[in-house]
Every structure is written in structure tokens, then in C-alpha cells.
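Counting from 1, the numbers follow the sequence of the chain as shown.
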Amino acid sequence: MNTSTEALFTEARSHNRFEPEPIADETLHQLYALMKWGPTSANCSPARLVFVRSPSAKDRLLACMSAGNAEKTRSAPVVALIGGDLEFFEQLPLLYPASDARAWFTGKPELIAATALRNSSLQGAYLMLAARALGLDAGPMGGFDAAKIDAAFFAGTAVKINFVCALGRGKPEALYPRGPRLTFDEACRID
């Protein structure tokens with residue numbers, strides 16, 4: 001495991017093409033074992049993951065992806081679908097026993113949707129950091145038909161896709177030039 005700031009942030013890149021080297025089930029279990037400890041509000045943990053690996057599942061996913069993300073999706077040994085469970089609050093008696101947190105959400109669909117999106121986004125970021133710590137590369141993606149992914153992978157559930165992330169060993173030669181970042185003064189303010 002490599003948890004250096006370079007491996008997690010400054011040297012890490014969002015990859016677009018991947019080596020065909022498979023990712024073992026054990027590694028996917030390790031990814032989840034790490035990411036699940038990242039903080040979410042009231043420990044709500046709404047992320048639900050589908051690790052797309054089989055050729056038939058890849059074909060179903062490719063039918064949902066934009067043309068610009070097809071090759072990234074095709075080349076990755078595993079593509080993680082990060083969804084947000086709109087019924088996450090039903091787990092709060094277990095996950096947040098300090099309070100009756102389920103009551104905070106019951107009958108409040110806008111709060112449920114915002115909380116699921118915000119916190120599943122956090123958990124997806126934790127997934128990418130866990131992948132980097134385990135020596136994998138990540139390629140997060142928008143550019144998909146959300147309704148198609150929900151129908152193909154989350155049918156019969158209250159889970160809605162948030163974003164998609166290719167996982168594997170990236171091909172450095174396929175990287176775009178590193179984009180600049182905003183400076184502290186451009187992005188931050190201290191009040």
C-alpha cells in the first residue's frame with residue numbers, strides 16, 4: 001500500500017486508457033474495506049457500488065456511455081458504478097445509533113436526494129484514493145445516460161447513478177498533458 005501524498009494526489013493522474021491486467025476480487029474487497037471508513041454526514045454511507053468486469057456487463061455499460069468515454073470504459077479491467085441509495089436513511093438506526101436520524105429524512109425527498117448525492121460523491125472520491133493507495137489508477141467519468149445505467153444496473157432498487165470510474169493500471173502514454181490547478185488565492189478565502 002502506498003499512502004504517500006504523491007501517490008494519492010500530486011503525482012496521481014486521471015487515466016484514459018488501461019492495461020488489460022485483471023483486478024482480483026480480493027482487491028475490490030480491499031478497495032471497499034478502505035473507502036467505507038471515509039466520513040459521511042451522520043455516517044449515512046449512501047454509496048452503492050457495482051464493479052463492472054464481465055464482458056456481458058461491459059457491453060451493457062458501453063451502451064450507456066457517451067462515445068468519448070467508450071474506449072476508457074472498454075480498456076479498463078473494472079469500471080465502478082458509484083450510485084446513491086435514496087433509501088440510505090433506512091440504515092441509519094444501525095449506522096448512526098446516537099440519534100433518531102432516520103426521522104430527519106422521512107418524507108423529505110429533496111433532503112434525501114441532496115444527501116445521497118453529496119455523500120455518495122464523497123464515497124466515490126474515497127474509492128479513488130483507496131485505489132491509488134493500492135497501486136491502481138482511476139479514471140472518473142461523467143458522459144453517460146443516467147436513466148440507461150439505472151435501468152441496466154440498478155433496476156428494482158432506490159439507487160441512482162452518481163458517476164462512473166474506470167479502475168486498473170493506467171497507460172501513461174495515453175495521458176493528456178497535466179492540466180493546471182487554481183492557486184490558493186484563486187480558489188480560497190480565509191474569513
Practice task
Find the distance between CZ (F105) and CG (L92) and round it off to the nearest 0.5 Å.
Solution key: 6.0 Å
Exercise for the section: Would you check if V52 and V78 make a side-chain contact, meaning some heavy-atom pair closer than 4.5 Å? Expected result: no
Problem - Distance-only polar pair, side chains of E186 and T183, donor-acceptor under 3.5 Å - result: yes
Problem - Over-ring placement of R48 relative to F154, 6.0 Å and 45° cut-offs - result: no
Problem - Any V50 side-chain heavy atom under 4.5 Å of V79 side chain - result: no
Exercise for the section: Could you tell me whether the side chain of S120 and the main chain of A47 form a donor-acceptor pair under 3.5 Å? Expected result: no
Problem - Polar contact flag, side-chain donor to acceptor under 3.5 angstrom, N119-S45 - result: no
Handout entry: Intermediate values then yes/no, salt bridge (Lys or Arg N to Asp or Glu O under 4.0 Å), K148 and D150
Key = CA-CA 5 Å; K148 283 185 179 180; D150 289 344; over 6 Å; no
Practice task
Calculate, to the nearest 0.5 Å, the distance between atoms CZ and CD1 belonging to F163 and I149 respectively.
Solution key: 12.0 Å
Problem - N69 (side chain) donor-acceptor with G142 (main chain) under 3.5 angstrom - result: yes
Handout entry: Spatial distance of atom OH (Y126) from atom CD1 (I82) [nearest 0.5 Å]
Key = 14.0 Å
Problem - Hydrophobic cluster identity match, L31 and L34, side-chain contacts under 4.5 Å - result: yes
Practice task
Side-chain contact test, heavy atoms from C-beta onward, threshold under 4.5 Å: evaluate it for M141 versus T73 and give yes or no.
Solution key: yes
Completion exercise
Distance col, row L117:CG vs I112:CD1, nearest 0.5 angstrom, shows 13.5 Å
Handout entry: Charged N-O contact under 4.0 Å between R53 and D25
Key = yes
Exercise for the section: Evaluate the side-chain proximity of P140 to S14: yes if any heavy-atom separation is below 4.5 Å, no if none is. Expected result: yes
Exercise for the section: Could you tell me whether the side chain of N162 reaches within less than 4.5 Å of the side chain of S121, counting heavy atoms only? Expected result: yes
Exercise for the section: Mark yes or no for whether R181, through its side chain, and G179, through its backbone, hold a donor-acceptor pair below 3.5 Å. Expected result: yes
Practice task
In plain terms, say whether D100 and R102 are close enough for a salt bridge, that is, a side-chain N and a carboxylate O under 4.0 Å apart.
Solution key: no
Completion exercise
Note: A138 and L167 closest approach over all heavy atoms is CB-CD2, 4.1 Å
Exercise for the section: Establish whether L122 and F9 are linked, either directly or via other cluster members, by ILVMFWY side-chain heavy-atom contacts under 4.5 Å. Expected result: no
Completion exercise
Rounded to the nearest 0.5 Å, the CG atom of N16 sits from the NZ atom of K72 at a distance of 4.5 Å
Handout entry: Residues forming a salt bridge (charged side-chain N to carboxylate O under 4.0 Å, His left out) with E71, sequence neighbours excluded
Key = R74
Handout entry: E6 backbone acceptor or donor facing R132 side chain under 3.5 Å
Key = no
Practice task
Kindly indicate whether the side chain of D137, heavy atoms from C-beta on, has any atom under 4.5 Å from the side chain of R13.
Solution key: no
Fill in the blank from the handout: Heavy atoms of D145 and A147 approach each other most closely as OD1-N, 3.1 Å
Practice task
Given side-chain contact (heavy atoms from CB on, under 4.5 Å), test M128 with C165 step by step and report yes or no.
Solution key: CA-CA 8 Å; M128 290 186 285; C165 186; 3.7 Å; yes
Problem - Test item: T115 side-chain N/O and L111 main-chain N/O as donor-acceptor pair under 3.5 Å - result: yes
Practice task
Would you please test F51 and L81 for side-chain contact (heavy atoms from CB on, under 4.5 Å) and show each step?
Solution key: CA-CA 6 Å; F51 291 110; L81 307 181; over 6 Å; no
Handout entry: F184 CZ: over 12 foreign heavy atoms closer than 6.0 Å
Key = yes
Problem - 4.5 Å side-chain heavy-atom contact, F153 and V159 - result: no
Handout entry: Any donor-acceptor N/O pair, S75 side chain to F18 backbone, under 3.5 Å
Key = yes
Exercise for the section: Enter the distance from K58:NZ to M65:CE here, rounded to the nearest 0.5 Å. Expected result: 10.5 Å
Exercise for the section: Check which hydrophobic residues are tied to L62 through side-chain heavy-atom contacts below 4.5 Å, counting indirect links as well, and list them. Expected result: none
